[in-house]
Amino acid sequence: MIRLGQFLKLANLVESGADAKPVIADGLVQVNGEVETRRGRQLRVGDVVVLQGQAARVADSDAPDNLPW
C-alpha cells in the first residue's frame with residue numbers, strides 16, 4: 001500500500017510531495033473514478049489515479065511490466 005500523495009510523486013504526476021497537497025485539496029485527483037481530497041488515502045494494487053487527464057495504476061513492484069528494457 002502507498003499513500004496518495006506519495007504515489008502522485010512516484011508516478012511523476014506531480015513534481016514533489018508538496019505539489020501533491022494543493023491538487024488533492026482542490027479536488028483535481030480521482031481514484032477509481034471518484035474525486036479524492038485526502039492526501040493520506042491508502043492506495044492498493046490495481047487502483048487507478050487520474051490527474052488532469054493523466055492516469056497511473058498502482059502495481060506490485062514484483063509484477064513484470066512486459067517492457068523491453
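Computation of the quantities below employed the complete heavy-atom set of this structure, encompassing side-chain atoms and omitting hydrogens, waters and symmetry-equivalent molecules.
For the salt bridge (Lys or Arg N to Asp or Glu O under 4.0 Å) condition, no pair includes a residue of residues 19-31, sequence neighbours left out.
Residues satisfying the salt bridge (Lys or Arg N to Asp or Glu O under 4.0 Å) test with Arg39, not counting sequence neighbours, are none. Listed by chain and residue number, nothing satisfies the salt bridge (Lys or Arg N to Asp or Glu O under 4.0 Å) test with Arg57 (two or more places apart in sequence, or in another chain).
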Extract all donor-acceptor atom pairs below 3.5 Å that involve side chains of residues 2-14 and protein atoms in other chains or at least two apart in sequence.
{"residue": "Gln6", "atom": "OE1", "partner": "Arg3", "partner atom": "N", "Å": "3.3"}

Throw together a table of side-chain donor-acceptor distances under 3.5 angstrom for residues 40-54, partners on residues two or more places apart or in other chains.
{"residue": "Arg41", "atom": "NH1", "partner": "Glu36", "partner atom": "OE1", "Å": "2.7"}
{"residue": "Asp47", "atom": "OD1", "partner": "Asn32", "partner atom": "ND2", "Å": "2.9"}
{"residue": "Asp47", "atom": "OD2", "partner": "Arg44", "partner atom": "N", "Å": "2.8"}

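At a threshold of 4.5 Å between side-chain heavy atoms, the hydrophobic network of Ile, Leu, Val, Met, Phe, Trp and Tyr places Val35 and Val29 in two separate groups.
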